[in-house]
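Just so it is clear: chains get the letters A, B, ... in the order the sequence lines come, proteins before strands, and each one is counted from 1. The shown structure was predicted, so the numbers you read here are calculated from the model rather than taken from an experiment. As a basis for the values below, the full set of heavy atoms in this structure was taken, side chains included, without hydrogen atoms, waters or symmetry mates.
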There are 2 protein chains.
Amino acid sequence: MTTATSPRELAHPARDEIRLEGVLHALSDPMRLCVVRELAAAGSEVACSYIELPVTKSTTTHHFRVLRESGVIRQTYRGTAKMNGIRRADLDALFPGLLDAVLSAAESQAARLDTA
Amino acid sequence: MTTATSPRELAHPARDEIRLEGVLHALSDPMRLCVVRELAAAGSEVACSYIELPVTKSTTTHHFRVLRESGVIRQTYRGTAKMNGIRRADLDALFPGLLDAVLSAAESQAARLDTA
DNA sequence: CCGGTCGTACGATAACCTTCGTAGTACGTC
DNA sequence: GACGTACTACGAAGGTTATCGTACGACCGG
């Protein structure tokens with residue numbers, strides 16, 4: 001018996017509700033940019049715990065929520081895990097080239113800072 | 001006679017000091033995104049007062065400073081005016097395609113929201 | 001049913017960000 | 001030199017954000 005409300009469905013913005021400013025803000029945090037890079041590298045959907053961040057679990061939950069509510073990722077429950085995937089189709093349709101530009105920029109900057 | 005310190009030169013980050021997160025954060029504010037769009041549309045350098053924002057002058061100064069310190073724009077004094085221009089060469093070299101993707105995304109979103 | 005794992009909710013805190021108003025500095029013009 | 005314009009500096013209020021700790025709910029395996 002659950003406590004009457006068990007919201008097993010997560011709220012996502014529709015495609016036409018996604019705002020450029022919100023996406024840019026979501027990606028402007030180092031933690032979240034790291035998450036998006038790993039999700040893009042993984043290609044398919046991965047669990048929250050798959051991505052290790054140097055923060056506590058509650059903070060991780062917070063960042064995933066910001067990414068979901070800004071429309072960058074889609075989250076679905078699968079058993080005890082929560083799977084995360086980039087909304088590439090929506091983002092590419094709304095902002096062509098933006099996600100790829102950010103991802104390659106992040107990669108080249110990471111390489112630049114590593115070998116510095 | 002100035003009061004001993006007259007910083008007529010403004011501090012700008014060097015090209016290799018520009019961080020992707022900082023640029024994304026600078027562009028994630030509606031006011032600043034508006035400024036960048038107008039600067040890009042103008043092409044050449046324009047004065048601060050050329051761009052009208054629905055905020056006071058001190059707030060405008062603040063936003064221009066954020067844009068400058070993140071490396072998005074370059075500011076130079078010219079007499080009583082301060083000229084502003086996008087650092088397109090630096091941004092394109094560091095993050096190829098990013099600025100254009102953001103600008104076209106902002107334009108298409110503005111069109112989408114206008115005709116809604 | 002019990003335990004373990006995964007993730008959430010809530011409260012708290014400290015830092016940050018946006019905005020403003022006021023006062024002040026630099027520059028060109030008269 | 002005096003005045004007006006353009007922008008800045010500083011301080012403050014208000015809201016938002018990032019982070020944590022603790023306690024809790026959902027699910028799977030024995």
Side-chain angles (χ1 to χ4, degrees), chain A residues 1-12 19 21-36 39 45-70 72-85, chain B residues 1-12 19 21-36 39 45-70 72-85:
Chain A
M1 176 68 72
T2 67
T3 53
T5 54
S6 70
R8 290 284 81 188
E9 283 304 310
L10 291 162
H12 290 78
R19 292 291 172 272
E21 298 90 330
V23 172
L24 293 178
H25 176 247
L27 297 178
S28 70
D29 182 277
M31 295 290 171
R32 292 193 288 260
L33 187 55
C34 181
V35 167
V36 171
L39 287 182
E45 299 202 327
V46 301
C48 285
S49 56
Y50 181 84
I51 298 174
E52 297 190 10
L53 295 177
V55 292
T56 63
K57 280 189 176 185
S58 17
T59 305
T60 303
T61 298
H62 161 70
H63 286 308
F64 272 100
R65 171 152 54 180
V66 172
L67 286 171
R68 185 186 76 236
E69 293 181 344
S70 67
V72 176
I73 67 172
R74 187 176 299 279
Q75 295 189 296
T76 50
Y77 284 107
R78 181 170 307 176
T80 156
K82 187 155 75 171
M83 308 306 287
N84 305 274
Chain B
M1 174 70 71
T2 68
T3 51
T5 54
S6 73
R8 289 284 83 189
E9 282 305 309
L10 291 163
H12 290 79
R19 291 291 172 272
E21 298 90 330
V23 171
L24 292 178
H25 176 247
L27 297 177
S28 70
D29 182 276
M31 295 289 172
R32 293 193 289 261
L33 188 55
C34 180
V35 167
V36 170
L39 287 183
E45 300 202 327
V46 301
C48 284
S49 54
Y50 180 83
I51 297 174
E52 299 191 7
L53 295 178
V55 292
T56 62
K57 279 194 176 186
S58 19
T59 304
T60 302
T61 299
H62 162 71
H63 285 308
F64 272 101
R65 170 150 57 180
V66 173
L67 286 171
R68 185 187 74 236
E69 292 181 345
S70 67
V72 176
I73 68 171
R74 186 176 299 280
Q75 294 188 295
T76 50
Y77 284 107
R78 182 171 305 177
T80 155
K82 187 155 74 170
M83 307 306 285
N84 305 274

State, to 0.1 Å, how close [X] and [Y] come at their nearest heavy-atom pair, and which atoms those are.
X	Y	value
I73(A)	H12(A)	O-CD2, 3.8 Å
V72(A)	A26(A)	CG2-CB, 4.3 Å
L33(B)	L27(B)	CB-O, 3.7 Å

Find out whether C48(B) and T61(B) are in side-chain contact, i.e. whether some heavy atom of one side chain is under 4.5 Å from a heavy atom of the other.
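C48(B) does not reach T61(B) side chain to side chain.
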Check whether any side-chain heavy atom of M31(A) sits under 4.5 Å from a side-chain heavy atom of C34(A), and report yes or no.
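M31(A) vs C34(A): side chains apart.
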Just how far, in rounded Å, is [atom2] of [N] from [atom1] of [X]?
X	N	atom1	atom2	answer
R65(B)	dC10(D)	CZ	P	8 Å
Q75(A)	dC6(C)	CD	C1'	13 Å
E52(B)	dA6(D)	CD	P	12 Å
L10(B)	dT25(C)	CG	C1'	14 Å
N84(A)	dC6(C)	CG	P	14 Å
M83(A)	dG7(C)	CE	C1'	13 Å
L53(A)	dC20(D)	CG	P	10 Å
K57(A)	dC10(C)	NZ	C1'	17 Å

Looking at R78(A), I'd like to know whether one of its side-chain N or O atoms comes within less than 4.0 Å of OP1 or OP2 on dC27(D).
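No, because none of the side-chain N or O atoms of R78(A) sits under 4.0 Å from OP1 or OP2 of dC27(D).
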What nitrogen or oxygen pairs link the protein and nucleotides 15-19 of chain C at under 3.5 Å?
from	atom 1	to	atom 2	distance (Å)
dT18(C)	OP1	D29(B)	OD2	3.4
dT18(C)	OP1	R32(B)	NH1	3.4
dT18(C)	OP1	R32(B)	NH2	2.9
dT18(C)	OP2	R32(B)	NH1	3.3
dT18(C)	OP2	H62(B)	NE2	3.2
dT19(C)	OP2	H63(B)	NE2	2.3

Quick one: does any side-chain atom of N84(B) pair with a main-chain N or O of Q75(B) as donor and acceptor, under 3.5 Å?
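Answer holds: no.
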Describe the nucleic acid contact of T61(A) in one word from base, sugar-phosphate, nothing, applying a heavy-atom distance below 4.0 Å.
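Base: the residue T61(A), judged by heavy atoms under 4.0 Å, touches a nucleobase.
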